[in-house]
Amino acid sequence: NNASGLLAYCAGSTVVVLSDLSSSSSLSAQPLHLIASDPKPVSCVAFNSDGSLIAVGEKGHKPRVLIWDLGSRSLISTLEGHQFGVASIA
């Protein structure tokens, strides 16, 4: 995310959020947040425009979209109603 300098990627049922990788210590970057979507694996992730929220899409039957507040590290909303995996979030 350009506004926050964060990078997020899916890893199984977890989203890993890293600090800005443009710094000289990028090879040893430590995760800032680990967001779990237990027990379903995640398929996609997207930041809001200022990088304060992150949306996580799940795979599988009856998946959810989870909206997390990165500042408080709390789940603030769950969007249900999908029948099959969430392929992308924008």
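For S88, there are no side chain to side chain donor-acceptor pair (under 3.5 Å) partners two or more places apart in sequence or in a different chain. Here E80 pairs with R64, T78 under the side-chain contact (heavy atoms from CB on, under 4.5 Å) rule; sequence neighbours left out. Shown here are the side chain to side chain donor-acceptor pair (under 3.5 Å) partners of S77, two or more places apart in sequence or in another chain: there are none.
Note: the hydrophobic cluster containing L79 also contains I89 (ILVMFWY, side chain heavy atoms under 4.5 Å, direct or indirect links). One hydrophobic cluster, built from ILVMFWY side chains closer than 4.5 Å, cannot hold both V65 and L75; they sit in different ones.
Annotation: the span from K62 atom NZ to F84 atom CZ amounts to 10.0 Å, rounded to 0.5 Å.
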Using residues 42-54 as the side-chain source, report each donor-acceptor pair under 3.5 Å to any protein atom, sequence neighbours left out, with the distance given to one decimal.
residue	atom	partner	partner atom	Å
S43	OG	G57	O	3.3
S43	OG	V86	O	2.4
N48	OD1	G51	N	3.1
N48	OD1	S52	N	2.9
N48	OD1	L53	N	2.9
N48	ND2	D50	OD1	2.9
N48	ND2	S52	OG	3.2
D50	OD1	S52	N	3.0
D50	OD1	S52	OG	2.7

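The minimum heavy-atom distance between R73 and W68, with the atom names listed, is O-CZ3, 4.0 Å.
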